[in-house]
Amino acid sequence: MRVSWLLSDVRRSVTRNRAGFLMTTAVQVVCLTLLGLFALASVGLARFTAEARRQIEIQAFLEPGADPAAVESRIGRIAGVAATRYVSSEEALADLRAELGADSTVLAVLEANPLPASIRVTLAAGAAGPEELADVERKLALLPGVAEVFSGAETLARLGRILRVLTLTTLAVILLSSLAVIFIAFSTVESSLRARSREIEIMELVGATRTAVRLPFIVEGGLQGLFSGLAAALLVLLLLAIARALLVPFPLPVGPVVAAGALLGLALGLSGSAFALGHLDQ
Amino acid sequence: MRVSWLLSDVRRSVTRNRAGFLMTTAVQVVCLTLLGLFALASVGLARFTAEARRQIEIQAFLEPGADPAAVESRIGRIAGVAATRYVSSEEALADLRAELGADSTVLAVLEANPLPASIRVTLAAGAAGPEELADVERKLALLPGVAEVFSGAETLARLGRILRVLTLTTLAVILLSSLAVIFIAFSTVESSLRARSREIEIMELVGATRTAVRLPFIVEGGLQGLFSGLAAALLVLLLLAIARALLVPFPLPVGPVVAAGALLGLALGLSGSAFALGHLDQ
Amino acid sequence: MVRELDPAPPRADPTPAVEVENVSRLYGGNWPALTDISFRVERGDFVFILGATGAGKTTLLRMLYGADRPDTGSVRVLGWDVPTLAAGHLPELRKRIGIVFQDFKLLADRTVAGNLEFVLRAINTRPDLIPGRVNETLTRLGIIHRRDAWPEELSGGEQQKVSIARAFVKEPELILADEPTGNIDPRGSTDILNILKDYNYRGTTVVMATHNSDLALSSRRRCVTLDAGRVVRDEG
Amino acid sequence: MVRELDPAPPRADPTPAVEVENVSRLYGGNWPALTDISFRVERGDFVFILGATGAGKTTLLRMLYGADRPDTGSVRVLGWDVPTLAAGHLPELRKRIGIVFQDFKLLADRTVAGNLEFVLRAINTRPDLIPGRVNETLTRLGIIHRRDAWPEELSGGEQQKVSIARAFVKEPELILADEPTGNIDPRGSTDILNILKDYNYRGTTVVMATHNSDLALSSRRRCVTLDAGRVVRDEG
Ligand SMILES: Nc1ncnc2c1ncn2[C@@H]1O[C@H](COP(=O)(O)OP(=O)(O)OP(=O)(O)O)[C@@H](O)[C@H]1O
Ligand SMILES: Nc1ncnc2c1ncn2[C@@H]1O[C@H](COP(=O)(O)OP(=O)(O)OP(=O)(O)O)[C@@H](O)[C@H]1O
Ligand SMILES: [Mg+2]
Ligand SMILES: [Mg+2]
C-alpha cells in the first residue's frame, strides 16, 4: 500500500467526523499537557531539593553581647564547615520582611528589631548528609556566644515530603492521562472502523492483506496521538515560558519536551489503535 | 410516537457507540463541574466579602504605658463604633503564631514579645462604608495612648480585587464550558444522525412526520445533557461536602445545585441537538 | 383485512391515483432521464412500467413519491400535487403509498419482523395492531418462517420478499413496486405478481416497474413502455 | 490484455479450478442450506449454478471464496484447501478470484471509477497501471460514460454492471458471479453473458449462479442445478 493512498485514506477518515476528531484530540492534548506539567514539576522540585541539600545553611544565632568575628573564626575551624557568613540583626529583619511579602504589615508594629544577629554556616559538599549536619549543629550549640542553632534540616524534610507527595501525584496523573489518551485513540479508531466497515469488508473480500486493511487505522490513531503529543509539548513550553517570565529565569528544555511529547503521544495512540483492531479480529 | 419506542430508540443509539458516549458525557460532566465550582466560589466569595465588610475590625495599637480601660472607654464614645475589644500583647503573639502556622519557627528566636497590646474596634452596621471607616480611623489616631491605627481596609480592598478577578474568570469558565457542552451534544447527535442515516431515510420515505424523525435525536442530546448536569451537580456537592469537612462548616445548597445542574445540562444538550438537526435540514 | 387507521377513499373517487403530465427531468443539466412523459392511472388500476436498463423507470417512480422533482410538467398522486407539496405534507402522502425499492433498503440491524415493525411505528400505528399485521403480511409472502432472521441471513430472493412485505404492511392505497422480482426465480415471480393482483382486486392501485417484459405481457395488464426516458408505447 | 502482476498459470494445470466434495452446511444448527454437495470445475470451464430462491447458490459460492465454511466435506479452489486456509493466506487466494456480489456492495462515497480503483489499490496494483485497466473494463461493460458518477446516480442495472466491472478489473483467474443479471434487461443480460464467455475464451474459469434458467439453458453450457441445498442435476 502506497504512502499517498494511506494518507488520503486517513484524511478521508478524519474529515468524515471532523468535529469529533477535533474534540477528542483536544481532550488528548489536555491530558498530555497535564501529564507534562506534573512530570516537569516533579523533576524540577527533585532537582531543587538536591540542590538545596547541597547548599544547606545552618544559622547560629549570637547572644546579644557576643563578638561576631570571634565566634565566626571558631566556627570556621569545625570539621566539615566550608564557609561562614555574618548576618546582622537588620539584615535578618529585612530578610523576614521580604519573606513575608504582603503579610509583612504585621512587622510594622514592632517597636524594636527583635531578631538577633547570626552566623550562617555552609557545609562542605562531602559533609552535607543528615548525620554530619547533626554533628556540626551539636558542636555549634556548644560554642560560647552562640544562643541557639537553627538548621535547614526541617525545611529540607518538608521539601522532601512535598516532593514525595508530588511524585505520587505525578505518577497518578501519568497513569490516568495515559489511560485517557489510549482510550480516546481506541474510540477514534473504533468509530472509524464502524464508519468504514463496508470498505473493510470489500478489501477483505477482494484479497487485501491483513496489513493493508489494518494499516490506515493504525496510522490514524498513531497520527492523532503524535499530533496531540506535539501540541501538548508546545503548550507545556508556552506555559513554562510564561512561568519563566513571571518568576525566575530557568532554561527551557525545548528539544526533550518536544521529543518526549511526540514519542509518548505516538506510543499511546498506537496502543489505543491496537486495542481497537484487536476488537476487529474477534 | 410512543414514549417506550422513543426510549428504546435512544438506548439503541447510545449502546451503538457506548465508549464514545461515555467519554463525551465525561467531558460534559467535567465542564459542568468546573462551571459549578467557579460559580459557587464566586457567590461564596461575594457573600464573604459582604460579610467581612460588615464585620470589619480596626486595630488601635496602644502605647507601651497606656491604660487600656481608659482608651477603650474613650473609643466607645466615638460615633459609629459598635463594639470594642482589648487584645493583650500575649494574645497578639499567639494570634501571629497561629497565623504564620508552619512559618512560626521564625518567631522562636524572638528574645521578647515585640507586639504591642491593641484595642479592636467594630463599626456599627450602618457605618461600615469606606468613608465612615476612614473617619473613625482618623479619630482613633488622635486619641492619647494610641500609638498607631491599622484597619482592615487594605485587606478588604484586596478581597474586592480577588472577587473581581474571580467573577471575570467565572464568566469566562461559564461561557467556555457551556460552549463545550453544546459542542459535545452537537457532535453526539451528529454522529447518531450519521450512524442512523439509513433509518432516517426509510422513515422519511414511508411517511413519518418531521417530529417523529427528529424527536429521538433531540431526546438523545437532551438526556445526555440532563444526565451530565445531574452528575456534575452531585460531583460539586461531593466536593463541597469534602471542603466542608476539611475547612469550615457551611450549609450545602443541595436542592438549588441539583436543579441548576439539571436545567443547565438539559438546556445546553437541547441546544447542541438543535444545531445538529439544523445541519440535517440542509 | 380491516383498514383501522386510514379509511379507504370512496371507490368512485373522481381524482385519478396518478396523473403525470409533460414531465421532463435532466440530470446534471445534460442527462435526459425523462422527456415529456404523460400518463394517468385510475384508482384501482394495475399498470406496468416497462423499459430497459437506464430507461427511466426508477426516476419516474421517484417523482411519484416526491423523492425527486420534475424540471417541467406536473405530477399529481392521490389528488396531491407532489412537486409543490410542502415538506410538512409530504409524510401524509407517503403514508398512503407502499414503495418496493429496487435496492431493498432493509435495515441490517433489525430482524425481518423488526423491519416491518419499524415502518408501522414510524407512521404511528396503534401498537396492539402491529404484531398481527406483520405476521399476516409475512405469511402472505411465504417468509413467516424467516420472521426472526437478520437480513444478512436471507438469500437475495428472500430479502426482496421482505422488502415487498414492508411495502404491503402499511396497507397502502397505492403500491409503487420497482423491479420487485429481479432476485426471484420465475415461479416465485409469478407468485409475487399474483399477490400484487390480489391487492389490486381489493382496491389497491398498483404501479410496477420492471424490465421483465415476458412477465408483464403474460399477465395481460396495461403496459407503459419507456425507452431512453420517453413513453414509446402505452397499451393493454 | 496483458497480465502484468499475476502471471497466468500454465494452461494445462493439473489441479481443477474448483473441487467441492460432500459439502454440507446447516445454519443455526437446523437450517440445511447445503446438503452433500459434490462437483468439480476444470480450469477454463464455464459452469452455471441454477436454482430457485433460497436453493443455496449464494451459500455455495461463499464457500468457494472462504466467506463461509462447510460443516463437513472439503472445498478446494485453485489448488488451495479453502476451509483450512490460514487467515494470512486467504488474501492470496481471493486476489485471484473476481466476485460479483448479488447485492453489488458498491461504496456509496466513491465514484464508479473510484470503486474499481479501490479494489486495485487494495490488492496493491502498480499505480501507473490502474487508470488504464479501470477505463478498459468500464468500456467493455458499456458504462465508461458513467465513469465519474456516484453509485446513487446510477440506475439499478448500471450499478450491477459496475459491480461486474469491479470483479473483472482484477483480471482474475476465476470469476464467481452471483446473479449478475437480476437487475438487467434481457438484451443487457445476453451482453453480460457474452462478456463472461469472452473472458472464458481467454482462459478465465467462470462460475455463475442464477435463477434465470432460460438464460443458462440458451447459452448451452454446463448447468449444476440446486434444489433446497442438493444437487439435483448436473449436465451440459
Ligand atoms: N441522480 C442522478 N444523477 C445523474 N443521473 C442519474 C441520476 N439518477 C438516475 N440517473 C440516470 O438516469 C437514467 C435513468 O435512470 P433510472 O434509474 O430511472 O433507470 P431505470 O429505468 O430504473 O433502470 P434499471 O432498470 O437499470 O433500474 C440512467 O441513465 C441513470 O444513470
Ligand atoms: N447466515 C445465515 N443464517 C441462516 N440462514 C441462512 C444464512 N445464509 C443463508 N441462509 C438460508 O440458507 C438458504 C440458502 O440461501 P442462499 O442465499 O444460498 O440462497 P440462494 O440460492 O442464493 O437464493 P437467491 O436466489 O434468493 O439469492 C436460504 O433459505 C437462506 O435463508
Ligand atoms: Mg431502476
Ligand atoms: Mg443468492
Side-chain angles (χ1 to χ4, degrees), chain C residues 27-28 30-31 33 50-62 67-68 101-106 108 141-143 145-146 148-161 178-189 191-192 209-215 226-227 229, chain D residues 27-28 30-31 33 50-62 67-68 101-106 108 141-143 145-146 148-161 178-189 191-192 209-215 226-227 229:
Chain C
Y27 277 124
N30 61 359
W31 188 272
L50 276 180
T53 285
K57 305 181 291 297
T58 301
T59 306
L60 182 56
L61 292 187
R62 283 165 57 84
D68 202 348
F101 301 100
Q102 190 171 10
D103 57 352
F104 310 167
K105 292 195 199 295
L106 298 182
L141 281 150
I143 38 171
H145 60 294
R146 304 299 278 153
D148 298 316
W150 302 99
E152 60 162 21
E153 296 173 351
L154 301 178
S155 80
E158 288 163 348
Q159 287 179 24
Q160 190 153 40
K161 285 181 185 170
D178 195 357
E179 206 73 76
T181 58
N183 280 273
I184 299 178
D185 58 279
R187 191 176 325 156
S189 299
D191 291 345
I192 298 287
T210 183
H211 57 63
N212 192 335
S213 45
D214 293 350
L215 190 72
L226 294 185
D227 186 23
Chain D
Y27 277 125
N30 61 1
W31 191 272
L50 276 180
T53 285
K57 305 180 292 295
T58 301
T59 307
L60 182 56
L61 292 187
R62 283 166 57 86
D68 202 347
F101 302 101
Q102 191 171 8
D103 58 352
F104 308 166
K105 293 196 199 293
L106 297 182
L141 280 152
I143 39 170
H145 61 293
R146 305 297 279 150
D148 298 316
W150 302 97
E152 60 163 22
E153 297 173 350
L154 301 179
S155 82
E158 287 163 349
Q159 287 179 26
Q160 190 152 39
K161 286 182 185 169
D178 194 358
E179 206 71 75
T181 59
N183 278 274
I184 298 179
D185 58 281
R187 191 176 324 156
S189 300
D191 291 346
I192 298 288
T210 182
H211 57 63
N212 193 336
S213 44
D214 293 351
L215 190 71
L226 295 185
D227 186 23

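Residue numbers begin at 1 in each chain, while the letters A, B, ... track the order of the sequences. Treat the numbers as computed from the prediction; the structure is a model and nothing was measured.
Here the side chains of D:Asn183 and C:Asn183 are in contact, with some heavy-atom distance below 4.5 Å.
Residue D:Arg146 touches chain C through its side chain alone, counting heavy-atom pairs closer than 4.5 Å.
By the salt bridge (Lys or Arg N to Asp or Glu O under 4.0 Å) test, C:Asp185 is found to be paired with no residue, residues two or more places apart in sequence or in another chain being considered.
Within residues 150-160 of chain C, the residues having any heavy atom closer than 4.5 Å to a heavy atom of chain D are C:Ser155, C:Gly156, C:Gly157, C:Glu158, listed by residue number.
Contact count versus chain C (heavy atoms, under 4.5 Å) is highest, among D:Glu179, D:His145, D:Arg187, D:Lys161, for D:His145. Among the candidates D:His211, D:Gln102, D:Lys57, the residue making the largest number of heavy-atom pairs closer than 4.5 Å to chain C is D:His211. Contact count versus chain D (heavy atoms, under 4.5 Å) is highest, among C:Ser213, C:Ala52, C:Pro186, for C:Ala52.
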